[in-house]
Each structure stands twice: as C-alpha cells, then as structure tokens.
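Letters A, B, ... mirror the listed sequences (proteins, then strands); counts begin at 1.
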2 protein chains.
Amino acid sequence: MKQQDVKPQSNTQRAIEAMRQMIFAGDLPAGSDHLESELAEQLGMSRTPIREAALTLEGQGLLEMRPRKGVRILPVSPDDMREIYDVLTELESLAAKQAAKRRPSHADLAPLAKAITDMDAALAAGALEDWADADERFHKELVRLGGNSRVRMIVNMLSDQVRRARMITLHMRPIPVKSNEDHRAVFDAIKSGDGDQAHIIHRAHRQAAKDLIVGLLEKHKLSRV
Amino acid sequence: MKQQDVKPQSNTQRAIEAMRQMIFAGDLPAGSDHLESELAEQLGMSRTPIREAALTLEGQGLLEMRPRKGVRILPVSPDDMREIYDVLTELESLAAKQAAKRRPSHADLAPLAKAITDMDAALAAGALEDWADADERFHKELVRLGGNSRVRMIVNMLSDQVRRARMITLHMRPIPVKSNEDHRAVFDAIKSGDGDQAHIIHRAHRQAAKDLIVGLLEKHKLSRV
DNA sequence: GCATTATTTAATGCATACGCAAATAGATGC
DNA sequence: GCATCTATTTGCGTATGCATTAAATAATGC
C-alpha cells in the first residue's frame, strides 16, 4: 500500500487540518464565533499559524474572519446548497464527459469501480456512513478522471462546504438505491466512451441530489447548517 | 454616483491589491520568484502582511509559496488556458441561462447593455484596451445577473488567472467583430427570456474564444505567460 | 429614566526577534 | 579534478509584544 502524504509538518498545516476536522465534526458549529487566541490555545500554538490557517480556510469558503468578532464558521443555507449543487452539476458532468472522451484504461477506472461496489456493499449492510464515504470517493475519482485540475479543485472545495449538510440529511433521506444505479450508469457510459451519455446521466443525478437535499433542509427547517 | 468600496485600510489588504496589480502589470512576471522580505521592503511594510496577502493570493491561484524559494508567480500554459476556459464556458453559460430565466428588468440589464455599446464604440475607435475592458465588464455583469454567488466568485478568480494571457493575445487576434455579435445575441436571448438560447450561444462564444487564444499562444510558442 | 459622551477593555493588525533547516560556499580527502 | 564532508549563510515558521481601535461599560447631562 502506498504511503499517504506525510503528515503536515508545519503548525500552519496542522492548524488547517485540525480546524477542517473540527468544522466537519461539529466541534466548531456552523455560525459560531471563535477568537484567534482561543483557537490558538486549543491547538497549542500561537496566533500566527492560526491566522494563516484561517486565511486559507476563508479562501476555501469554510469560514470568515471578522475583525473583533472572531472567526465565524460559515453556515450553509438551502439557497447556498442550490448554488453549490448547480456548480457541482455543471462541473462534474463536464468531468464525466471528458473522462469518457479520454477512454480511460481498466486500471484508470479501478478506483471508480471500487467506489461503486463499496457503495453497493455499504447499502446492503445498511451502513450509511460507509455509503457516504464511498459516494464521496466516487465523485472525487470522477473529477480526477476528467483531467481538469481546476474542476477538481473547485469541486473538492464545494464538497467541503456542503459536507455538514450532507451528513445531516444522510439519515433523513430514503435509501439511495437510485443513486447507486446512476453511478453505475455513469460508469458504464464512461467505460464505453459515450461522453454525451455520461454527461446527461450525471447531470440528472446531481440535479436530483440537489432537489432531494434542499427539500429535506427546507422541510426540516434547517435554514443554516 | 455611489461611492466605491473605500480603499482598503489594512496593510494586508493593501498588499493584496498591490501584488495583484503588480502581477497583472508584469512588475511581477510569470514564473518569477520573490522573497517575502523583498516584497515587504518594496511595499514598505513588514513580512507579516505580505505573508497574509500571499496566502490569500495563493488561494486565488495567482501565486505559490515555496519555502526558501520565495513567492512564485504562477505562469499559465496553453493547457492551463484550456482548463480554465472549459470551466468558464460551463459556468458562464449556466449564468446566461439563469439570467434569462430570472427575466431581469430593463434596469438590471442596463450595465450589460452599456458594456456592449462600449465594446462597439471601442472597436469603432480601434481602442483594443477599451474593448478588453468592456468585454470583461460584460462577462462580469453576466455572472452577476446569473445570481449565483459561487459562480461569480469562481469566474472572477479564473478571469484573474487568464488576464495576462488575454492582454498578450489582444493585439495578435483578429478584430473581435464576431465577438461583439455574440454578446448582442446573448443579450437578446436573456432579454427575451430564452435561457436555452442564451446558454447555447454563450457556450459557443466561449469555446471559440478558447480555441482562438490557445491557438495564438501555441502558434507564438508562449508556453508560459 | 434615557440619551449621549467619556472611559475601560480587549482583540486584532502588524512589527520584530529568533531558532531551525535548507541551501550554499568552503574545506578536505582522494 | 571530483566527491564528500563541514561551515556558513539565509529565508522561513512561529512566538511575542504592542499600538490601534472597535466594542463594552460606566458616567454624565438633561
């Protein structure tokens, strides 16, 4: 097994990673404010690397630095979700089309195939968290296969922004059987080199996901998650 | 006339603005390296705000911080241009479609209309820089009308990344007469509420721009601008 | 009491200092 | 000459301190 990127070596990198995890885990809840000095103390470092990390995460759209009010964790509203999913729809379906055009080898497609079988397995086992994990891997692999590094970066950034909302709605939504079918259809289209088909299916897949999640958020009055 | 955003008051903001301008103006050429301390001296401030500005601009894809090698101004290759224009194509044509669907009022459309007449005027006067300026306003207004703030931010970011290349090729390309026709057609489609038409025309417009500019860069062996 | 002004508090923006590690130059051996 | 090892330099990462200024609180006038 190949070694993952070696653990971040600078305090700034550690702060970025730690704060990301704290945001996703809910330790820093959406909408909450945090003084730089508090975060510094929590993470056992000075304000300098905290500030640098906050600047970086601000660029990623995860938080906002407001003078004297502290670092605010940005909440995501249903309208935000719509915006984000609309972008994801365009860019991921572009990636799907371009992935198909590149006629990827069997080896290239392996991670995508694995994500699909993992999703099936997770679903069969009723392990929703595992399903969500594999689902994320699928989308990540898809944009990697698309071959456009800007698309990859933007999609990853936006995926981070909606991660909390996806986790929250994970247990409200119906079992994502249709979703797995979609993934498989996209995969088949890419494998057979049919870019237009991959594009069409994936677009519909993402639009359906948008409607589902936005609907759930609104139904449950989750105006800011 | 309403007052523009008051000039940035913090040194960090000033550094961001100054470095952006220096990058666009070529004072910090593509591919060049610059020590933090040099930039600090140039801008008359300490390293701290320079580092914060660099972090921000790194997030915007304009430069890269490499320990001990200094801040490197990221060059843009023809492949980069292809990537960026592909994203711009998708997101701007989405914006065009959604702008049409929103049935904007005459007042909403005014800035877009002005950008178009300005382009015509600039072209008639042979003022290419003015044309480029109005062209940028058109695209900026278009994504504003689209109403998706993520699209707006991403498009603005990518536009910054390709600004140098666009300026360089500005005087190599044929007079952009067709481009003006396209803009007008997009405008008409939006005005008449025909989202699909706006989408189709704008997409073709952007793809043509991509082919043109990438072709010019490659023809002139401009592998990194 | 209420509004307005003065005072205090405290978080930030930034300058500065310093140790560490990387890069470079220099020394040594072969 | 060339390689290897050592010394030196230098740029960065980070801690720290402080002036500034927004926010909070108290004080004052009406």
Nucleic acid footprint by protein, nucleotides 14-22 of chain D - heavy-atom cut-off 4.0 Å, B for base, S for sugar-phosphate alone: BBBB--BBB
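- The pair B/R203-B/E90 counts as a salt bridge, with a side-chain nitrogen and a carboxylate oxygen less than 4.0 angstrom apart.
- Salt bridge B/R82/B/E218: present, at least one basic N to carboxylate O contact under 4.0 Å.
- Shown here for A/L109 and A/P104, the closest heavy-atom pair between the two residues is CD2-CG, 3.7 Å.
- On the nucleic acid side, DNA chain C contacts chain A at distances under 4.0 Å to non-hydrogen atoms, with the end points of that region at C/dA10 to C/dG13.
- Note on ring orientation: taking the six-membered ring where Trp is involved, the planes of A/F138 and A/H183 are tilted (angle from 30° to 60°).
- Looking at A/M22 and A/E17, their side chains never come closer than 4.5 Å, going by heavy atoms from C-beta outward.
- Other residues, nucleotides and ligands place more than 12 heavy atoms under 6.0 Å from the NZ atom of A/K210.
- In plain terms, the two heavy atoms of B/D108 and B/L145 that are nearest each other are O-CD2, 3.7 Å.
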